[in-house]
Every structure is written in structure tokens, then in C-alpha cells.
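Structure first, then comments.
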Amino acid sequence: MPQGISDRIRAVMRPSAAALEPYDPAFSQVRVNLSANENTYGMPPEVKAAVDRGLCDAVTNRYPQPLSNELRSELARWHGVGEDHVIVGNGGDELLFNLFLAFGGRDHVLVTCEPTFSVYRLYAELVETMVVDVPRDPETFECDADALVEAASRASIVVVTSPNNPTGNLFPIEQTRRLCEACPGVVLLDEAYMEFSPDGSTAEPLLAEYDNLAVLHTLSKAFCLAGGRIGYVLASPSVVNALAAVRQPYSVNVFSQAAGLAAVRNRKAFEPAIASIASERERLLDELASMEYLGVTVWPSAANFLLVRMPDAHVVRNRLRDEFSILVRDFSSAPGLRDCLRVTVGMPDENDALLEALRQLLKGE
């Protein structure tokens, strides 16, 4: 039950809302923040200048373009689809919420693979959608494709994250094909971290084949606009129109549209930082794997984070914050993730600070 709500107010709430716990990223002000999967390199100077110009030129006495038409057109050109195949939202989270508003509800079913992004279940339960969980392999965190396809045959919505948050696994394109063929509803591939993955990993090529496939992207991660809240979905016009039917009016403000447009037009400027993050991810993976003698297990990842298991992970997380001013995400109490922390891949000096702190804490120094 969410805290801080009186019994009188709770009594008049929608029951499904009254039962929910709010999403809590457990943020603290620290010197090194490796908890939220942001691009810690920051925006390239030339992109920052373009964003600043766009913000200065934004017209604030008029409502924003309802469907972010200029940004929508730029995204369509980038991904090689028609504008009617794109919808822009106030972060990927708004589009996920709209997915459940449009396709969820009583007598509807969400199929997903936990452990994964907890917001899927939160939104589904808010609109009273039954959740069918197909558990991932407890050792590798890979999806059971056959079980997932079987469950999808009775689903209104299937959501698979690729790479998965927090485990980093990619979902194979051929398995996406199987899901689209099996599911009578909508299959959404959440590709929020796809920019950090090897070429050819995205499910986008299947969009031309399946009108029930949707692919979610965001500018929050690779493109340094977490503060701007801009996400978008690529899908058939039918799915796009269904999402547009339930969206809040003018949900993407003029400043976010301007910043997003500048970032997308200058997206190649982010490539060096993205390449560096991928390189640092592999270095961090190797360094953490070398701590196996201290009880550390780390899994490979195609995203900009790593899932790490270690003794007393919750205590380690708190000591990293309190003694070293380093913040990582604690998943140690989540089902299937006992003693696990999720570590964002930062810049080299941030990663070095984390590694040194972990060595000290795990050695008991």
C-alpha cells in the first residue's frame, strides 16, 4: 500500500491505484551517479549549442504541435518509415502507459518476462490487466521462447525488453517474429538501450511484416535527454492511431520538442561517446569478473549497464553511497535478483572509482 494516503482518501480511490506502490528510483545526491542508466558523458558541445538555440527560439505563448510533427518527421526519415508509423511521447513511460490504456483492462492479458522493467506490471495492474509472467532462466536470464510464444497466443499485450533492464540480454529477432505470429494483440519490443547494442540487433526490420509489432525508443539514454523526457514508438498506422486516441493533449512541450529535434539532427555527434561506453562496458565486465574470488558474479550486457551479484549487496550499495558518494541501483530484494546491483557504465574515472570502492568494501578494508 502506498504510504501517506489517509483512509478517507484511500476509500474513494480506484482500488487498483490504492493498492500500488509508487515507482521509486531511490535517488540520492552523490558525487558519482551510476544508478539511472544515463549517458554520463553529457551532450557534445555542438549538440548542446543546437539545443540551446532551439530552446531560445521556442514559442511559449502557443500550445506545442500536438503530435510533435517536426520531430516526428525527422524520426521517420532516420528510421526509414512514414510519419504515420511514428508517435512521440513524454518519455517512453507515457507511451507505455498509453499502450495499457489502449490495449489493457479487465479481461485483457499482459505477457512479459521477469525480471524486467517493473513499470510494465505497475501500469498493467493500474488498469486492471492480468499479468502473466514467463520467468527468465535464473542463471542466464534468457527468455524461455517456447513458453513465451505459448503464453502470447492468449495475450492482448506482450512486452519484451531488448536489451533487458536490468539483465542486459538481447531478445533474438527470430523469436520476435514468432511472438508476432502467435499473439492476437500487440507485441512491443522496448529498445530503450538499443544504441549500445551490436548492429543488427533491433527488431525494426520486422515492422514491414507485422502490423501488431511496436518498437519503443527513447532519447533519454544514448542521446543525453533524460531531463527532456522524449520517447517514441515505431509501429503500423493502426497501432500509432490507437496510442494517439488515448494520449493526453499536448503531452510533449515545446522545449522538449526543440531539444529532441536538435539531438536527432545531430545524432552522429553522440557516436564517439556511445562507442566509448561500449568499450568501457567490456572493461568493467572484465574487472568485475576478476573479483570472482570475492564472491562477485557479473553478466554480459548489450546495454549501458551491468548486473552484478555480490555478498550483502544491499549493505554494499548503502556503503558505496555513504562512504564513497557513489550511487548504484539496488535490485537485491527483487524476485530472481537476490544480492544483485545494477551498475551504469560511466566514464573511465567514474568506473575506476566504483571498482576501487568495491575492492575495498568486499575485502573488508
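For the numbers below, each heavy atom of this structure counts, side chains included, while hydrogens, waters and symmetry mates do not.
- Annotation for Arg31: atom CZ counts as buried by contact number, over 12 foreign heavy atoms lying within 6.0 Å.
- With a 4.5 Å cut-off on side-chain heavy atoms, Arg319 and Gln360 do not count as touching.
- A chain of hydrophobic side-chain contacts below 4.5 Å, direct or via other Ile, Leu, Val, Met, Phe, Trp or Tyr residues, connects Tyr293 to Leu362.
- Ion pair Glu46/Lys268 not flagged as a salt bridge, since none of the NZ, NE, NH1 or NH2 atoms sits closer than 4.0 Å to an Asp/Glu carboxylate oxygen.
- The distance from the OG1 atom of Thr112 to the CG atom of Asp133 is 7.0 Å, given to the nearest 0.5 Å.
- The heavy-atom pair separating Val158 from Ala155 by the smallest distance is CG2-CB, 3.8 Å.
- Surrounding CG of Asp199 are at most 12 heavy atoms belonging to other residues, nucleotides or ligands under 6.0 Å away.
- Interatomic distance, CH2 of Trp299 versus OG1 of Thr167, reported as 9.5 Å (0.5 Å rounding).
- Between Glu181 and Arg178 there is no salt bridge, since no side-chain N of the basic residue sits under 4.0 Å from a carboxylate O of the acidic one.
- Counting only heavy atoms from C-beta outward, the side chains of Glu282 and Leu285 approach each other to under 4.5 Å.
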Go through the steps to decide whether Leu216 and Thr161 satisfy the test side chain to side chain contact (heavy atoms under 4.5 Å, CB included), and finish with yes or no. CA-CA 9 Å; Leu216 176 69; Thr161 318; over 6 Å; no

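- The distance from the CG atom of Leu288 to the CG atom of Leu354 is 7.0 Å, given to the nearest 0.5 Å.
- Contact check for Leu148 versus Gln175: no side-chain heavy atoms found under the 4.5 Å cut-off.
- A salt bridge does not link Arg229 with Glu94: none of the charged nitrogens is closer than 4.0 Å to a carboxylate oxygen.
- A donor-acceptor contact shorter than 3.5 Å links the side chain of Gln65 to the backbone of Glu70.
- Contact of the Asp211 side chain with the Val239 side chain is not registered, since no non-hydrogen atoms from C-beta on lie closer than 4.5 Å.
- For the pair Thr218 and Leu225, the minimum side-chain heavy-atom distance is 4.5 Å or more.
- Comment: Arg267 does not engage Glu271 in a salt bridge, judged by the lack of any side-chain N to carboxylate O separation of less than 4.0 angstrom.
- Within a 6.0 Å radius of CG in Asp107, other residues, nucleotides and ligands contribute 12 heavy atoms or fewer.
- With hydrophobic clusters built from ILVMFWY side chains whose heavy atoms lie under 4.5 angstrom apart, Phe223 shares a cluster with Val264.
- Thr129 places no side-chain N or O within donor-acceptor distance of the main-chain N or O of His108, the cut-off being under 3.5 Å.
- Salt bridge status for Arg72 with Glu83: absent, with no side-chain N to carboxylate O gap under 4.0 Å.
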Stepwise, does the side chain to side chain contact (heavy atoms under 4.5 Å, CB included) test hold for Met291 with Leu355? CA-CA 10 Å; Met291 299 184 196; Leu355 290 167; 3.8 Å; yes

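- Asn304 places no side-chain N or O within 3.5 Å of a backbone atom of Val345 that could act as its donor or acceptor partner.
- A perpendicular orientation is assigned to the rings of Phe117 and Tyr120, their planes being inclined by more than 60° (bins at 30° and 60°).
- Taking the side chain as every heavy atom from C-beta outward, Met43 and Phe270 approach each other to under 4.5 Å.
- Judged purely by atom type and a 3.5 angstrom limit, Asn164 has no side-chain atom pairing as donor or acceptor with the backbone of Glu142.
- No side-chain heavy atom of Leu122 sits less than 4.5 Å from a side-chain heavy atom of Phe100.
- In terms of modelled atom types and a separation under 3.5 Å, the side chain of Glu114 and the main chain of Pro335 share no donor-acceptor contact.
- Within the model, atoms NZ of Lys221 and CG of Asn39 stand 11.0 Å from one another, a figure rounded to the nearest 0.5 Å.
- With hydrogens and angles ignored, the 3.5 Å screen pairs no side-chain donor or acceptor of Arg342 with any backbone N or O of Arg329.
- For Glu292, the CD atom counts as loosely surrounded, since its 6.0 Å shell holds 12 or fewer non-hydrogen atoms of other residues, nucleotides or ligands.
- Glu74 has a carboxylate O that lies under 4.0 Å from a charged side-chain N of Arg265, or vice versa, which qualifies the two as a salt bridge.
- Pairing each heavy atom of Leu219 with each of Gly260, the nearest pair is CD1-CA, 3.8 Å.
- Two rings, from His85 and His79, have their centers 6.0 Å or more apart.
- Criterion: ILVMFWY side-chain heavy atoms under 4.5 Å apart, direct or through other members. Under it, Leu55 and Val254 are part of a common hydrophobic cluster.
- Between Tyr250 and Pro66, the closest heavy-atom pair is CE2-CG, 3.8 Å.
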Please test Tyr210 against Leu179 for side chain to side chain contact (heavy atoms under 4.5 Å, CB included), starting from the C-alpha separation and ending with a verdict. CA-CA 10 Å; Tyr210 299 103; Leu179 287 183; over 6 Å; no

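- Going from atom SG of Cys56 over to atom CG of Asp52 covers 6.5 Å, rounded to the nearest 0.5 Å.
- Although no hydrogens or angles enter the test, the distance criterion places no donor-acceptor pair under 3.5 Å between the side chain of Ser153 and the main chain of Cys183.
- The backbone N or O of Ala203 lies less than 3.5 Å from a partner atom in the side chain of Glu191, making a donor-acceptor pair.
- At most 12 non-hydrogen atoms from other residues, nucleotides or ligands lie less than 6.0 angstrom from CD of Gln248.
- In terms of modelled atom types and a separation under 3.5 Å, the side chain of Ser156 and the main chain of Gly104 share no donor-acceptor contact.
- Between Ala102 and Ala242, the shortest heavy-atom contact is CB-O, 3.9 Å.
- Closest non-hydrogen pair, Ala357 versus Ile326, comes out as CB-CD1, 4.1 Å.
- Within the 3.5 Å criterion, the main-chain N or O of Asp330 finds no donor-acceptor partner in the side chain of His314.
- In terms of hydrophobic clustering, with Ile, Leu, Val, Met, Phe, Trp and Tyr side chains grouped at heavy-atom distances under 4.5 Å, Leu306 and Phe196 are assigned to a common cluster.
- Side-chain contact between Glu125 and Ser16: absent, with no pair of heavy atoms (C-beta onward) separated by less than 4.5 Å.
- By the rule that hydrophobic residues join a cluster once side-chain heavy atoms approach within less than 4.5 Å of another member, Leu358 and Val308 end up as members of one cluster.
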Verify side chain to side chain contact (heavy atoms under 4.5 Å, CB included) between Arg136 and Asn169, making sure each step is shown before the conclusion. CA-CA 10 Å; Arg136 292 172 178 268; Asn169 308 65; 4.2 Å; yes

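- Here the closest non-hydrogen pair linking Val134 and Ala151 is CG2-CB, 4.0 Å.
- Expressed to the nearest 0.5 Å, how far CG of Leu341 lies from CZ of Phe331 amounts to 9.5 Å.
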